[in-house]
Every structure is written in structure tokens, then in C-alpha cells.
Amino acid sequence: MTHAREIRIMRDANELAREAAELFLWLGEQAIAATERFRVALAGGTTPATLHATLASSEYAHRLDWKKVRFFFGDERCVPPSHPESNFRMADVTLFQPLKIASDHICRMKGEEQPETAARQYEQTLRQEWPGSDSSLPRFDLILLGLGEDGHTASLFPGTSALDEQTRLVVPSTSPKGIQARITLTLPVLNRAGAVLFLVTGQKKSGITRKVLENSAAGGPSWPASLVRPISGRLIWFLDQAAAMDLTVSRQGMNSREE
Ligand code: 6PG
């Protein structure tokens, strides 16, 4: 059963982080109650840092059994884990260290390796985490994603072959800007998740947010982010008012909508 897309618009990035933390904890509690573990893939970039800080704060940190959480990554820049541009480093500084997450609960994409080697190693990691036939896909309880101004998500960039991958779980990719060499989860893995939560803030993202959420829904061109449609999981978009300012609902003065 495909869930309806859920869009929620929050006042600002801080309110969005608090609401995202509440949802993260709720999904974590549900997963741990059902399976004794919560397997989540973190997003890269800068937006998630506020969510991480909120989860690690004294108000939230005690509300989940972190020993039962296993952390993965949606993508990584091909740099060492100590590099300022490393997605692992951002998560380590803002989340893992403050929460004292044990290293064996963190499955890091090895950005220091050659991209193809790192991608194959990570695919092996996923297949060990989710044993089963090679055709079965890992089902993350939650995948956090961001949105780039070109419509990319994870490291699935417009016009790249990574977007077309339907068999591999993890592939090398190329970003047109910044650290170009990347590795990324593929769309089949993203669309297998129990829940996908996009976190988008800031006016710079308002144009692409409208295109992804409204144009592609209307049969217009699709961007990588609009190809994320979980087969049987929840698709949730958390936007702050700045990122949502070009949406029809914003112009109509509605606060949030379910579709
Ligand atoms: C990355 C991310 C990427 C990110 C978007 C938004 O490695 O950069 O995976 O998909 O989520 O580019 O980035 P910001 O949160 O920095 O705007």
C-alpha cells in the first residue's frame, strides 16, 4: 500500500528540528517495540545538524534507547572521515559524540576509499545487516533526506547514471559542485524504507521545493527528489515557511496538508 505524501510546514528551522525530533523518536520507539532495533540512514549536508543537536539535547536524549539504534548514511562525500566536508564527521560531532554512540552502532561509508570500492563495501555491509536473497532490499525504518537546489537528494544528481540504478544498493556518483566524488544509496533502497523524511529549510530551496512537490506531481519534469516514492512506506516532507513560500498551499494560507 502506498501511503499518501505528507507535507508539514513549520514556522522556522528550530520548530522543524523539534517536530522532526519528535517524529524520529516516535518512529524509533515503534521500531524498537516491534523489532528490538531502529535502523536509520542519516542525511548529509548542513540541514540535519539542527535535528541532531535537538536529539542530543537534554530535553530529548533520554527519550530513546540509543543502544538499540543502528546508524547508516544515505550518502557520503569521498573524503576522509575527519574532513570538514564529511557527512560522517558532521554526524559524529553533532550526534554520535554527544550521545556517546558506540562505534559498532555506526555503519560509516568509507569516503577515504576509492568510490567503487567504498560502494561495494557498503553494499556488503547492508547485505550483512539485512541477510536474505540477493534480490531482497534492505528496509530502513527511517531514511532522512535533504533537497539540493538542483533537485538532488542523497547523492542522486540530475542526469547521472546513479539515478537509473535498479539493482545495486550503493553506487559511486558525481556531484556537479563541491566534493565531486560521492557514493550514495540508490532509489530502490530509498523507496523500500518504512519512512522517508525530507528536511528542507530556507528561502533558497523555495523554488525547487515547489517544482518537486507541485510540478512533478502535475506530470511535469521530474527531479531526483521527486523519484523518491516509498513503495509501502511513509513519505513525509518537513518544510519551514521559507522553503514552502512558493507552494500553492502557502499562498492559500494553509499550514499543512496531507495528500
Ligand atoms: C550531501 C547530502 C545532500 C544534501 C542536500 C541539501 O551529502 O550533501 O546528502 O543530498 O542533503 O544537498 O544540503 P543542505 O542541507 O546543506 O542544504
Side-chain angles (χ1 to χ4, degrees), residues 10 12-14 16-17 20 24 40-55 71-95 107-112 115 118-119 122 140 142-160 162-163 165 169-187 189-191 193 196-213 222-228 235-240 242-245:
M10 271 66 85
D12 55 31
N14 286 330
L16 184 144
F24 184 105
V40 54
L42 299 178
T46 57
T47 303
T50 314
L51 166 60
H52 296 173
T54 303
L55 287 169
F71 291 96
F72 300 81
F73 288 84
D75 73 320
E76 186 56 279
R77 291 85 181 270
C78 295
V79 293
S82 58
H83 190 284
E85 291 290 308
S86 162
N87 289 335
F88 165 80
R89 181 177 181 275
M90 187 273 282
D92 192 37
V93 168
T94 59
L95 189 67
C107 297
R108 181 176 68 85
M109 291 179 166
K110 296 185 176 174
E112 67 276 25
Y122 208 70
F140 285 94
L142 171 63
I143 297 179
L144 292 165
L145 291 174
L147 176 67
E149 291 180 60
D150 61 355
H152 81 261
T153 192
S155 281
L156 296 169
F157 293 91
T160 60
L163 269 180
E165 179 59 49
L169 309 181
V170 190
V171 293
S173 181
T174 305
S175 167
K177 294 179 183 172
I179 304 287
Q180 294 188 322
R182 308 282 187 99
I183 60 174
T184 186
L185 297 183
T186 56
L187 278 171
V189 178
L190 302 185
N191 286 332
V196 172
L197 174 58
F198 278 90
L199 303 177
V200 188
T201 61
Q203 186 176 348
K204 283 194 308 180
K205 303 287 179 74
S206 62
I208 190 61
T209 298
R210 179 182 53 76
K211 288 175 184 172
V212 168
L213 293 183
S222 63
W223 284 267
S226 51
L227 299 176
V228 178
L235 175 57
I236 309 158
W237 284 76
F238 276 12
L239 313 170
D240 68 359
M245 67 186 294

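Below, all heavy atoms of this structure are taken into account, side chains as well, without hydrogens, waters or symmetry copies. For ligands, and for the atoms within them, numbers begin at 1 and follow the listed sequence.
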Applying a 4.0 Å heavy-atom criterion (strictly less than), which segment of Asp75 is in contact with ligand 1: side chain, backbone, both, or neither? side chain

Main-chain N/O of Gly202 paired to Asp240 side chain as donor or acceptor, under 3.5 Å: yes

Which option wins on minimum heavy-atom distance to atom 17 (O) of ligand 1: Met90, Arg182, Lys205? Lys205

For the residue pair Phe72 and Phe140, does the interplanar ring angle fall in the parallel (under 30°), tilted (30 to 60°) or perpendicular (over 60°) class? perpendicular

Over 12 non-hydrogen atoms of neighbours within 6.0 angstrom of CD in Gln203: no

In ligand 1, the atoms that come under 4.0 Å of a heavy atom of Thr47 are 14 (P), 15 (O), 17 (O)

Find all atoms of ligand 1 within a distance of less than 4.0 Å from any non-hydrogen atom belonging to Gly146, and give their numbers and elements. 11 (O)

Report yes if Ser155 has an N/O atom closer than 3.5 Å to an N/O atom of ligand 1; otherwise report no. no

Under a 4.0 Å heavy-atom limit, does Arg77 contact ligand 1 with its side chain, its backbone, both, or neither? side chain

Met109, Glu76, His83 screened by side-chain contact (heavy atoms from CB on, under 4.5 Å) with Phe88, the one that passes: Glu76

Between CZ on residue Arg210 and NZ on residue Lys205, distance to nearest 0.5 Å: 16.0 Å

Considering only protein heavy atoms, which is closest to atom 5 (C) of ligand 1, and at what distance to one decimal place? His152 NE2, 3.5 Å

Result of checking Leu145, Thr184, Asp75 against Leu156 for side-chain contact (heavy atoms from CB on, under 4.5 Å): Thr184

By ring pair (Phe, Tyr, Trp, His ring centres under 6.0 Å), Phe238 pairs with (sequence neighbours left out) none

Run down the list Gly202, Gly44, Pro48, Ser175 and name the one with the heavy atom closest to atom 4 (C) of ligand 1. Gly44

Proximity flag Ala154 to ligand 1, non-hydrogen atoms under 4.0 Å: yes

Proximal atoms of ligand 1 relative to Gly45 (non-hydrogen, under 4.0 Å): 1 (C), 2 (C), 7 (O), 8 (O), 13 (O), 16 (O)

Could you pull out all residues at least two apart from Arg108 that satisfy salt bridge (Lys or Arg N to Asp or Glu O under 4.0 Å)? Glu112

Check Asn87 against ligand 1 and report side chain, backbone, both or neither, counting heavy atoms closer than 4.0 Å. side chain

Among protein heavy atoms, which sits nearest to atom 6 (C) of ligand 1, and what does the distance come to when rounded to 0.1 Å? Leu147 O, 3.5 Å

